[in-house]
Amino acid sequence: MKQKMRTGYGGTGPGVITPDGCAVQLYSRLPPGDEPDIVAAAVPAGAHILELGSGAGRMTHPLLERGFTVTAVDESPEMLERVRGARTICSPIEALDLGETFDVVLLASFLVHAGDVEVRRRLLRTCARHVADGGCVLIQREGEDYHTNLPRERVDPSGFTVRIVSAEPVGDGVDSVRAQYEFPDATWTQTFLSRPLSREQFEEALAEAGLRVDGYLTDDRIWVRAVRAG
């Protein structure tokens with residue numbers, strides 16, 4: 001059954017487009033970059049990671065190779081069909097309640113910047129609900145100039161170009177962001193809603209969910225380790 005596109009989200013290009021505008025073929029091609037190394041350096045060896053929004057396994061597979069156990073969650077069955085070696089669960093993140101906890105909960109891909117405040121609250125509650133006592137939540141934030149340093153592009157060493165074309169205000173502090181991924185044989189676009197969050201606003205959102213910052217893992221403060229408050 002075809003999934004309904006989320007309001008304000010969309011995508012173009014070959015293959016299946018998920019409800020948040022992600023192209024399955026595109027995300028199966030994207031390299032992991034240094035993100036698995038950032039995660040691995042921040043958590044105990046062999047930890048069980050709950051990966052929220054795993055997509056086609058861009059980070060899942062490198063984390064498995066590093067000796068972690070991964071439970072991969074995504075709302076797209078077509079994405080999860082491409083994940084190998086991990087337990088997979090098809091569900092919207094904000095509705096997830098597995099009745100179990102994990103050493104590490106991973107919320108990457110700037111999902112914390114969801115345009116809908118209630119969706120963001122539910123995402124962070126999902127994180128808090130599933131992190132074990134003594135465990136941590138790893139969150140990827142947007143860069144501080146993400147919505148202002150535009151347009152910009154990056155040529156990946158593997159041979160494709162990613163462009164952030166625009167971030168247009170649509171009201172209530174939310175921007176409609178348009179991205180383009182150009183490969184030698186195909187081009188994809190993605191449009192999504194994103195709410196910029198200052199460091200203070202981000203930390204307030206964590207506190208609302210019963211979490212607090214334990215440390216910023218990168219100099220640009222994009223990667224964050226959070227723990228339960230109190």
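Sequence positions, counted from 1, serve as the residue numbers for this chain. Atom set for the values below is all heavy atoms of this structure, side chains included, hydrogens, waters and symmetry mates excluded.
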When rounded to the nearest 0.5 angstrom, what is the spacing between [atom1] in [X] and [atom2] in [Y]?
X    : Y    : atom1 : atom2 : result
Q180 : S166 : CD    : OG    : 10.5 Å
T18  : E75  : OG1   : CD    : 6.5 Å
T88  : M79  : OG1   : CE    : 14.0 Å
R141 : T218 : CZ    : OG1   : 9.0 Å
L64  : T69  : CG    : OG1   : 8.0 Å
D175 : H147 : CG    : NE2   : 5.5 Å

May I ask you to test the [X]-[Y] pair for a side-chain heavy-atom distance under 4.5 Å?
X    : Y    : result
T189 : Y181 : no
R82  : Q25  : yes
H113 : Y146 : no
L123 : V112 : no
S176 : L193 : yes
S194 : V174 : no
E142 : I222 : no
L138 : L107 : no

Is there a path of hydrophobic side-chain contacts, each under 4.5 Å between heavy atoms of I, L, V, M, F, W or Y residues, that connects [X] with [Y]?
X    : Y    : value
M59  : V162 : no
W223 : L197 : no
V39  : V70  : yes
F110 : L124 : no
I93  : L50  : yes

Is it true that [X] and [Y] have a side-chain N and a carboxylate O under 4.0 angstrom from each other?
X    : Y    : result
E208 : R125 : no
D156 : R29  : no
R195 : D172 : yes
E182 : R154 : no

Taking all non-hydrogen atoms of both residues, which atom of [X] and which atom of [Y] are closest, and how far apart?
X    : Y    : value
P14  : A23  : O-CB, 4.5 Å
S158 : P31  : OG-CG, 4.2 Å
S76  : V24  : OG-CG2, 4.4 Å
A114 : V119 : CB-CG1, 4.0 Å
A47  : V104 : CB-CG2, 4.0 Å
P62  : P36  : CB-CG, 3.6 Å

Intermediate values then yes/no, side chain to side chain donor-acceptor pair (under 3.5 Å), Y27 and Q190:
CA-CA 11 Å; Y27 275 78; Q190 183 180 2; 3.1 Å; yes
Please verify the inter-ring angle class for W188 with F183; under 30° counts as parallel, over 60° as perpendicular, anything in between as tilted.
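Answer is perpendicular, since the angle exceeds 60°.
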F102 and H130 aromatic ring geometry - parallel, tilted or perpendicular at 30°/60° bounds
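The rings of H130 and F102 sit tilted, inter-plane angle from 30° to 60°.
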Walk me through whether V105 and I139 qualify under side-chain contact (heavy atoms from CB on, under 4.5 Å).
CA-CA 8 Å; V105 179; I139 300 171; over 6 Å; no
Walk me through whether T60 and L63 qualify under side-chain contact (heavy atoms from CB on, under 4.5 Å).
CA-CA 5 Å; T60 315; L63 290 172; 6.0 Å; no
Could you walk me through whether D103 and V43 pass the side-chain contact (heavy atoms from CB on, under 4.5 Å) check?
CA-CA 8 Å; D103 304 317; V43 303; over 6 Å; no
Residues R84, H61; criterion side-chain contact (heavy atoms from CB on, under 4.5 Å); working and verdict:
CA-CA 7 Å; R84 299 288 181 265; H61 299 137; 4.0 Å; yes
Side-chain ([X]) to main-chain ([Y]) donor-acceptor, under 3.5 angstrom:
X    : Y    : answer
D214 : V227 : no
R58  : G33  : no
E203 : E200 : no

Is atom CG of D219 surrounded by more than 12 heavy atoms (other residues, nucleotides or ligands) closer than 6.0 Å?
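For D219, atom CG is not crowded (no more than 12 foreign heavy atoms under 6.0 Å).
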Quick check on R178: does its CZ atom have over 12 non-hydrogen neighbours (other residues, nucleotides or ligands) under 6.0 Å away?
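No - once you tally the heavy atoms of other residues, nucleotides and ligands closer than 6.0 Å, there are 12 at most.
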So among R122, R120, R121, which one has a salt bridge (Lys or Arg N to Asp or Glu O under 4.0 Å) with E118?
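Only match with E118 under salt bridge (Lys or Arg N to Asp or Glu O under 4.0 Å): R121.
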